[in-house]
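Both counts, for ligands and for their atoms, begin at 1 and track the order of listing. Keep in mind it's a predicted model, so treat the numbers as computed, not measured.
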Amino acid sequence: MKYWQKIATMLALALSTLGAMPAHAGEDAALQAEKALAQESICTRCHDESEQKPILTIKKSRHGVKTDGRTPTCQSCHGASEAHVQNSTHASERPLVDAFSAREKATSKDIEACVGCHNSGKRSHWQGSLHERAGVLCTTCHEMHTHKDKVRDKLTQPEVCFACHKEQRALYTRPSRHPIKDGKMACSDCHNPHGTSGPTLLARDSVVATCYTCHMEKRGPFIRNHQPAQEDCTICHNPHGSTMPNLLKARPPFLCQQCHEPATHQGRIATLTGSNANPAQAANTLARGCLNCHTNTHGTNNPANINNERTMRR
Ligand code: HEC
Ligand code: HEC
Ligand code: HEC
Ligand code: HEC
Ligand code: HEC
Ligand code: HEC
Ligand code: HEC
Ligand code: HEC
Ligand code: HEC
Ligand code: HEC
């Protein structure tokens with residue numbers, strides 16, 4: 001590299017980091033915004049609203065807040081792209097930009113620009129997360145040059161996830177499901193797709209803690225707990241969808257009999273109902289099965305401690 005080229009590269013680098021730098025305390029926000037604008041004009045003299053895919057819509061997103069000193073310029077994400085800027089030959093021969101080239105698939109190296117600014121809070125477990133390791137990139141889910149990023153709108157978010165997670169798409173067509181399709185809830189109410197310290201990219205450290213964020217009445221404390229309900233809701237529920245009511249994985253008595261031994265009435269098999277039925281057995285089959293009597297499956301506050309009163313029947 002020639003001496004003057006080195007100087008030019010260093011200058012470009014300095015310029016690009018300047019764009020990424022937060023405002024100095026006390027520095028006039030207006031001045032800061034003006035500097036950023038001057039830097040962006042290097043690109044915006046050629047790229048503007050007239051493009052097939054409008055570029056300046058980014059100014060309507062959080063990446064366009066002029067008064068915020070942390071706001072990225074074109075160069076913070078795309079790099080200084082000296083060669084691209086200076087080339088004056090035919091458009092199609094214009095060298096690619098340094099990062100996020102639309103003509104090349106985004107690479108994990110590109111993502112360093114995003115991670116440089118977004119490495120705390122909900123994004124602090126990105127490195128080594130399931131998505132990162134599987135090669136899913138920030139820009140696989142997020143669109144930058146728009147003020148309507150699909151993945152951050154509850155109503156359109158599932159579309160983005162379903163593109164890869166077909167099994168969940170199928171489960172959400174079942175009769176019992178969370179109100180995802182209605183836009184009242186999103187995958188991200190239970191999952192943090194950026195990575196977590198808990199299992200299965202769950203938003204909280206465990207399944208129960210995640211479910212308690214909305215179903216706090218299931219946390220208790222209860223005087224008498226039902227052990228599995230304290231441990232993991234997915235023992236009995238499929239969080240995404242089920243053909244059984246209440247997102248259950250199986251219908252009582254079968255659900256309960258997976259654990260409760262065939263001793264006493266617990267083990268009575270489901271039977272035909274009607275005039276010839278054994279009434280004791282039919283009670284396990286009819287209507288809500290075991291739940292006909294054991295109404296508080298998640299735990300009870302009934303204080304009595306005699307045989308008949310500790311069985312979550314009230
Ligand atoms: C927050 C990071 C970020 C900033 C800031 C940013 N871009 Fe982009 N840009 C991207 C990404 C990522 C892509 C790839 C396509 C996509 O995800 O939208 C892209 C795509 C493009 C494209 C190609 C569009 C196409 O689909 O053909 C152009 C041109 C472009 N950016 C120009 C600019 C200009 C000019 C600015 C400054 C006004 C700018 N970008 C600011 C991240 C950014
Ligand atoms: C002199 C005009 C000009 C300037 C200045 C310019 N570009 Fe471009 N840029 C173009 C043209 C023309 C294309 C279309 C090239 C093509 O499609 O082959 C393009 C394409 C792009 C693309 C999409 C193609 C690719 O390389 O991935 C991006 C992204 C981009 N420019 C970003 C920038 C950024 C960021 C800056 C400022 C640092 C900038 N451009 C400055 C003219 C310019
Ligand atoms: C120079 C620093 C910087 C860079 C580089 C940067 N961002 Fe941002 N980003 C910000 C700031 C500042 C905000 C607004 C405050 C916040 O939400 O933290 C923001 C907001 C966002 C938001 C929320 C937008 C909204 O409307 O609420 C998303 C999503 C995002 N960035 C994704 C990305 C992605 C993906 C990249 C890489 C393509 C990227 N950012 C690159 C600084 C940056
Ligand atoms: C698998 C899809 C997916 C990937 C990959 C992804 N995100 Fe997100 N991102 C989301 C969803 C969904 C939301 C909205 C829910 C939320 O805030 O957690 C979001 C929200 C955000 C926000 C805004 C948070 C706020 O407070 O409004 C930022 C910033 C962000 N993502 C940055 C990034 C960065 C940087 C990367 C890459 C390191 C990335 N995302 C990768 C799906 C994704
Ligand atoms: C580009 C494809 C893609 C997109 C889009 C995507 N994912 Fe993923 N996701 C993956 C891959 C690949 C894995 C790695 C594990 C696997 O193979 O299932 C994964 C893993 C997961 C896991 C953990 C699975 C486990 O076995 O522990 C969850 C939860 C998840 N994604 C949720 C989401 C959510 C929510 C969204 C939308 C905001 C989303 N994903 C968008 C590809 C994607
Ligand atoms: C009500 C909370 C909740 C919602 C909403 C939710 N999930 Fe899950 N998801 C879970 C739990 C809990 C698990 C762990 C399941 C297990 O361990 O059996 C899980 C597991 C997964 C897995 C790993 C595969 C598996 O079944 O174990 C993927 C992939 C996934 N979810 C994707 C999604 C997508 C995509 C959405 C949105 C369309 C979504 N989830 C919405 C709670 C939820
Ligand atoms: C963001 C809030 C939220 C979280 C987190 C959440 N739920 Fe829900 N849950 C709801 C809403 C809303 C409904 C629907 C209530 C209605 O339709 O009246 C619901 C309904 C249910 C139902 C009854 C479904 C039916 O068919 O009537 C079950 C069972 C359930 N949730 C279990 C869980 C489990 C297990 C978890 C943790 C994996 C969980 N929920 C996490 C909000 C949440
Ligand atoms: C031992 C199996 C089992 C476990 C474990 C379990 N549930 Fe349930 N759940 C049920 C049954 C059975 C029903 C139906 C109850 C009924 O019809 O009275 C139900 C119903 C529900 C309902 C809808 C009706 C209502 O009571 O609000 C929600 C919400 C719910 N469970 C949340 C949870 C959460 C959250 C967890 C984990 C903390 C959990 N469940 C763990 C068996 C279980
Ligand atoms: C994953 C296994 C599992 C499933 C499924 C399950 N249980 Fe349990 N259940 C237990 C365990 C473990 C205990 C605690 C046993 C003990 O303390 O001796 C318990 C305790 C009970 C008790 C109190 C017994 C006592 O002597 O105090 C009742 C009643 C009960 N379960 C009913 C049900 C019903 C009804 C269902 C179906 C909706 C069900 N269980 C599903 C594991 C399960
Ligand atoms: C007709 C009402 C009724 C139905 C239906 C019913 N139970 Fe019970 N269950 C009771 C009563 C009453 C007790 C307490 C007296 C006793 O110990 O027999 C009890 C006690 C229990 C106990 C405590 C240990 C024991 O055997 O005494 C368990 C566990 C249990 N039931 C599980 C189940 C399961 C599983 C089902 C469904 C297959 C079921 N029950 C259906 C009324 C019922």
Side-chain angles (χ1 to χ4, degrees), residues 12 15-17 19-22 36 39-47 51-53 55 60-65 68-104 106 110-118 120-123 137-149 151-152 226 252-270 279-295 297 306-313:
L15 268 174
S16 70
T17 39
M21 259 183 345
Q39 223 200 345
E40 294 202 320
S41 66
I42 297 171
C43 315
T44 50
R45 84 187 150 98
C46 295
H47 295 289
E51 308 239 339
Q52 207 169 25
K53 190 177 162 194
I55 293 304
K60 290 183 188 155
S61 77
R62 287 292 298 274
H63 284 144
V65 182
D68 188 338
R70 303 166 305 161
T71 298
T73 60
C74 317
Q75 287 89 344
S76 331
C77 288
H78 291 288
S81 308
E82 282 288 293
H84 176 81
V85 170
Q86 277 162 14
N87 184 290
S88 56
T89 56
H90 189 265
S92 59
E93 287 154 32
R94 188 165 285 275
L96 294 178
V97 288
D98 296 346
F100 298 113
S101 162
R103 277 181 276 163
E104 272 185 349
D110 282 349
I111 304 309
E112 283 166 19
C114 316
V115 176
C117 290
H118 297 288
S120 56
K122 280 189 184 172
R123 256 62 58 194
L137 304 171
C138 313
T139 48
T140 314
C141 290
H142 291 288
E143 249 188 285
M144 291 294 101
H145 287 275
T146 174
H147 61 291
K148 268 190 88 54
D149 187 7
V151 85
R152 283 187 303 111
H226 191 198
F254 310 111
L255 176 73
C256 315
Q257 286 173 339
Q258 286 169 6
C259 297
H260 290 287
E261 293 177 349
T264 73
H265 67 293
Q266 309 163 31
R268 280 179 199 142
I269 49 162
Q281 263 169 271
N284 278 357
T285 313
L286 281 167
R288 293 153 37 85
C290 313
L291 305 175
N292 283 329
C293 304
H294 300 283
T295 48
T297 339
I306 49 172
N307 240 3
N308 274 3
E309 302 299 341
R310 58 185 192 114
T311 53
M312 298 175 285
R313 283 175 296 118

Quiz item: Rounded to the nearest 0.5 Å, how far does CZ of Arg94 lie from SG of Cys46?
Solution: 6.0 Å
Practice problem: Find all atoms of ligand 3 within a distance of less than 4.0 Å from any non-hydrogen atom belonging to His142, and give their numbers and elements. | Solution: 29 (C)
Quiz item: What distance do Gln86 atom CD and Ser81 atom OG have between them, rounded to the nearest 0.5 Å?
Solution: 11.0 Å
Quiz prompt | Qualifying residues under salt bridge (Lys or Arg N to Asp or Glu O under 4.0 Å), relative to Lys60, sequence neighbours excluded | solution = none
Quiz item: If you measure from each heavy atom of Ala113 to ligand 3, is any distance below 4.0 Å?
Solution: yes
Practice problem: Look at atom 17 (O) of ligand 2 and find which of Arg94, Arg103, Glu82 reaches it with the closest heavy atom. | Solution: Arg103
Quiz item: Can you check whether His260 has an N/O within less than 3.5 Å of an N/O in ligand 10?
Solution: no
Quiz prompt | Sub-4.0 Å atoms of ligand 3 with respect to non-hydrogen atoms of Cys138 | solution = 35 (C)
Exercise. Would you check if the side chain of His84 reaches a backbone N or O of Pro95 as a donor-acceptor pair within less than 3.5 Å?
Key: yes
Self-check item: Atoms in ligand 2 flagged as close to Cys46, the criterion being non-hydrogen separation under 4.0 Å
Solution: 1 (C), 2 (C), 3 (C), 4 (C), 5 (C), 42 (C), 43 (C)
Exercise. Using a strict 4.0 Å cut-off to heavy atoms of Leu96, name the atoms of ligand 2 that fall inside it.
Key: 25 (C), 26 (O)
Exercise. Taking Thr71 for its side chain and Val65 for its backbone only, find out whether a donor-acceptor pair lies under 3.5 Å.
Key: yes
Quiz prompt | Between CZ on residue Arg288 and SG on residue Cys293, distance to nearest 0.5 Å | solution = 10.0 Å
Quiz item: Counting both backbone and side chain atoms, is some N or O of His63 under 3.5 Å from an N or O of ligand 3?
Solution: yes
Practice problem: Identify, by atom number and element, the atoms of ligand 3 in contact range of Phe100, meaning under 4.0 Å from any of its heavy atoms. | Solution: 38 (C)
Quiz item: Does any N, O or S atom of His84, backbone or side chain, fall under 2.8 Å from atom 8 (Fe) of ligand 2?
Solution: yes
Quiz item: Between His47 and ligand 2, is there a nitrogen or oxygen pair with a distance under 3.5 Å?
Solution: yes
Self-check item: For Cys293, atoms of ligand 10 separated by under 4.0 Å from a heavy atom
Solution: 1 (C), 2 (C), 3 (C), 4 (C), 5 (C), 42 (C), 43 (C)
Exercise. With heavy atoms under 4.0 Å as the rule, classify the contact between Arg70 and ligand 3 as side chain, backbone, both or neither.
Key: both
Quiz prompt | Close-contact set for ligand 10 against Pro253 heavy atoms, below 4.0 Å | solution = 38 (C)
Quiz prompt | Spacing of Ile111 atom CD1 and His118 atom NE2 [to the nearest 0.5 Å] | solution = 11.0 Å
Exercise. Using distance alone, decide if ligand 3 has a nitrogen or oxygen within less than 3.5 Å of any nitrogen or oxygen in Asp149.
Key: no
Exercise. Could you list which atoms of ligand 10 come closer than 4.0 Å to a heavy atom of Cys256?
Key: 35 (C)
Self-check item: His118 N/O/S atom closer than 2.8 Å to atom 8 (Fe) of ligand 3
Solution: yes
Quiz item: Do the side chains of Val85 and Arg45 get nearer than 4.5 Å, heavy atoms only?
Solution: yes
Quiz item: So is Arg152 close enough to ligand 3, meaning a heavy atom under 4.0 angstrom away?
Solution: yes
Quiz prompt | Polar side chain donor-acceptor pair, Ser41 to Thr44, under 3.5 angstrom | solution = no
Quiz item: For ligand 10, which atoms have a heavy atom of Gln257 less than 4.0 angstrom away?
Solution: 38 (C)
Quiz item: Is there a donor-acceptor contact under 3.5 Å from the side chain of Gln75 to the main chain of Gln39?
Solution: yes
Practice problem: Could you tell me whether some N/O pair between His78 and ligand 2 is separated by less than 3.5 angstrom? | Solution: no
Quiz prompt | Numbered atoms and elements of ligand 2 in range of Ile42, under 4.0 angstrom, heavy atoms | solution = 5 (C)
Practice problem: Mind checking side chain to side chain donor-acceptor pair (under 3.5 Å) for Asp98 and listing every partner two or more places apart, or none if nothing turns up? | Solution: none
Practice problem: Please say whether Ser101 places an N or O atom under 3.5 Å from an N or O atom belonging to ligand 2. | Solution: yes
Self-check item: Which of the ligand 2 atoms, numbered from 1, are nearer than 4.0 Å to a heavy atom of Val85
Solution: 37 (C), 38 (C), 41 (C)
Practice problem: Specify whether an N/O/S atom of Cys290 falls short of 2.8 Å from atom 8 (Fe) of ligand 10. | Solution: no
Quiz item: In terms of ring plane angle, is the pair His226 and His260 parallel, tilted or perpendicular, where the classes change at 30° and 60°?
Solution: parallel
Quiz item: Could you state the interatomic distance from NE2 (His147) to CZ (Arg62), rounded to the nearest 0.5 Å?
Solution: 15.0 Å
Practice problem: Give a yes or no on whether the backbone of Ala99 and the side-chain of His78 come within a donor-acceptor separation of less than 3.5 Å. | Solution: yes
Quiz prompt | For Ala80, the ligand 2 atoms whose distance to one of its heavy atoms is below 4.0 Å | solution = 38 (C)
Exercise. Could you tell me whether the side chain of Ser101 and the main chain of Glu104 form a donor-acceptor pair under 3.5 Å?
Key: yes
